[in-house]
2 protein chains.
Amino acid sequence: MFQLSVSTRDRILDTAERLFAEQGFHVATLRQITQEAAVNLAAVNYHFGSKQALMRAIFKRRLDALNTARMERLDAALRIDPPELEDVLDAFVQPALAFTRGGDAEGQRFMQLLLRAFADRDTDLHQAMRLEYAHVMRRFADAIGHALPDADPERLRQQLDFIVGALTLTMAESALKDTRIIAGELVRFAAAGLRAPIPTDAEQEARFSLEARS
Amino acid sequence: MFQLSVSTRDRILDTAERLFAEQGFHVATLRQITQEAAVNLAAVNYHFGSKQALMRAIFKRRLDALNTARMERLDAALRIDPPELEDVLDAFVQPALAFTRGGDAEGQRFMQLLLRAFADRDTDLHQAMRLEYAHVMRRFADAIGHALPDADPERLRQQLDFIVGALTLTMAESALKDTRIIAGELVRFAAAGLRAPIPTDAEQEARFSLEARS
DNA sequence: ACCTGATTCAAACAAGTGTTTCAATCATAC
DNA sequence: GTATGATTGAAACACTTGTTTGAATCAGGT
């Protein structure tokens with residue numbers, strides 16, 4: 001019933017996730033993965049079908065956990081009506097760095113993996129990721145809309161992409177110990193950006209003519 | 001003197017840049033590159049030495065152009081003292097989408113390439129990129145510091161990373177025709193984030209205890 | 001004990017990779 | 001024209017890749 005040693009399947013998942021994050025999907029080879037996981041080379045194709053399918057399994061495991069954690073914190077933030085903008089942003093940002101039981105290292109690894117998926121624009125993985133992300137993003141965009149009832153919903157969705165970019169790249173890059181502080185900074189930064197009033201057409205025009213002069 | 005047809009070297013650079021951006025460094029093969037560029041397979045190794053060296057050459061060409069364009073616009077913004085924050089941010093953001101003579105398509109392609117380089121944390125390319133980026137980033141951080149004399153320089157550098165993340169990921173993802181509008185939005189968003197006052201310790205404490213309750 | 005299906009193992013496979021080689025061709029200066 | 005160095009061309013090289021195969025081993029039920 002309770003097996004002490006981790007199953008072959010899980011050892012492959014953990015090792016492959018680490019190596020994919022560190023080196024990238026095409027650089028990490030099945031021979032390297034299976035050797036470091038101390039399993040047979042054929043085990044990957046037996047348990048997952050292919051290298052691609054292994055990658056999909058890795059992503060599904062983490063993305064589900066991340067989405068669930070974000071949703072839970074979002075629900076908590078929405079108990080106040082209208083919700084506090086900072087609480088909504090916290091619900092989005094904080095789970096990204098501590099959603100795994102194993103602590104920060106795993107979370108950061110997955111952010112690196114996520115960044116690679118973003119870079120691989122027209123792969124199955126990219127499509128799958130955006131698909132699983134889509135409804136979470138919509139819920140957060142709606143929640144921000146409730147926190148800022150005067151804002152244009154379309155514009156909010158676009159600005160949410162700014163936050164995703166800042167979060168993903170910064171978390172994938174930064175030193176481990178700083179992530180918690182940086183996450184707080186990002187929430188403050190993003191809240192101010194979202195709250196900023198949009199310039200009038202007249203002000204826009206003034207800026208463009210200024211640029212033309214230079 | 002003036003050759004009508006593009007040189008072998010340049011055809012390789014252009015084609016490889018496109019394929020590296022679309023598919024990634026390891027997926028795009030030399031056979032595919034040389035075939036689409038209509039040059040011999042051995043030409044890459046003859047003109048550049050290796051596939052890696054070809055990638056470095058591609059990066060150098062664009063990054064130099066991007067840095068130069070940014071510096072020029074930054075100098076223009078600094079003619080006013082203290083500079084306008086929005087002008088400094090414009091100098092950083094706008095060249096990213098229109099720094100090549102060929103229009104937006106090339107610029108976006110390079111943003112995709114840049115995103116891949118960010119994802120490849122511990123490669124030579126990543127190191128080289130950050131190295132070439134470093135002094136430009138420092139100048140922009142200083143300029144923002146002049147525009148916002150009350151801000152903490154260390155914090156500004158960190159927030160500049162947020163902007164880089166938002167810019168790179170958004171530009172690499174978004175539809176071509178929207179880039180100019182999005183760039184304007186990003187400048188407004190980032191300016192507000194940078195101007196936002198930092199919360200007092202007491203306010204921070206209040207937020208943390210709030211989270212603990214949930 | 002025996003059967004059955006799931007799992008592991010070593011070995012091989014077919015295909016594709018970046019790179020090298022060396023002869024053929026080109027441009028240019030004498 | 002001819003010699004000289006730079007460039008191109010077709011072919012081969014050495015190696016690695018993901019995947020498949022079929023026998024060996026294991027676990028659980030009857």
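Chain letters run A, B, ... following the sequence lines, proteins first and then strands; every chain starts at 1.
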Please give, in whole Å, the distance from [N] [atom2] to [X] [atom1]?
| X | N | atom1 | atom2 | result |
| --- | --- | --- | --- | --- |
| B:Arg11 | D:dT8 | CZ | C1' | 12 Å |
| A:Asn40 | C:dT8 | CG | P | 9 Å |
| B:Met55 | C:dT19 | CE | P | 14 Å |
| A:Ile12 | C:dT7 | CD1 | C1' | 11 Å |
| B:Tyr46 | C:dA24 | OH | P | 18 Å |
| A:Phe48 | C:dT7 | CZ | C1' | 14 Å |

> Any ion pair linking A:Asp87 and A:Arg73 (charged N to carboxylate O, less than 4.0 Å)?
Replying inline: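 Salt bridge absent between A:Arg73 and A:Asp87.
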>> Using only atom types and a distance under 3.5 Å, with no angle test, would you say the side chain of B:Arg121 pairs donor to acceptor with the backbone of A:Gln112?
In response: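 Such a contact is absent between B:Arg121 side chain and A:Gln112 backbone.
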> Okay, side chain of A:Arg70, backbone of A:Pro95: is any donor-acceptor separation there less than 3.5 Å?
Replying inline: no
> Taking the side chain as C-beta and beyond, is there a heavy-atom pair between A:Leu54 and A:Leu13 under 4.5 Å?
Replying inline: yes
> Closer than 4.0 Å, any side-chain N/O of B:His47 to the OP1 or OP2 of D:dA6?
Replying inline: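 Result: no.
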>> Can you tell me if A:Thr8 touches the phosphate of C:dT7, counting only side-chain N or O atoms and a distance under 4.0 Å to OP1 or OP2?
In response: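 Looking at the OP1 and OP2 atoms of C:dT7, neither is under 4.0 Å from any side-chain N or O of A:Thr8.
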> Which parts of nucleotides 12-23 of chain D does protein reach within less than 4.0 Å, heavy atoms only, written one letter per nucleotide 5' to 3' as B for base, S for sugar-phosphate only and - for none?
Replying inline: B----BBBBB--
>> For B:Phe118 and B:Tyr133, take the angle between the two ring planes, folded into 0 to 90°, and tell me which bin it lands in: parallel under 30, tilted 30 to 60, perpendicular over 60.
In response: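 B:Phe118 vs B:Tyr133 ring planes: perpendicular.
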>> Would you say that more than 12 heavy atoms from the other residues, nucleotides or ligands in this model lie under 6.0 Å from the CD of A:Gln35, or not?
In response: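 Result for CD/A:Gln35: open.
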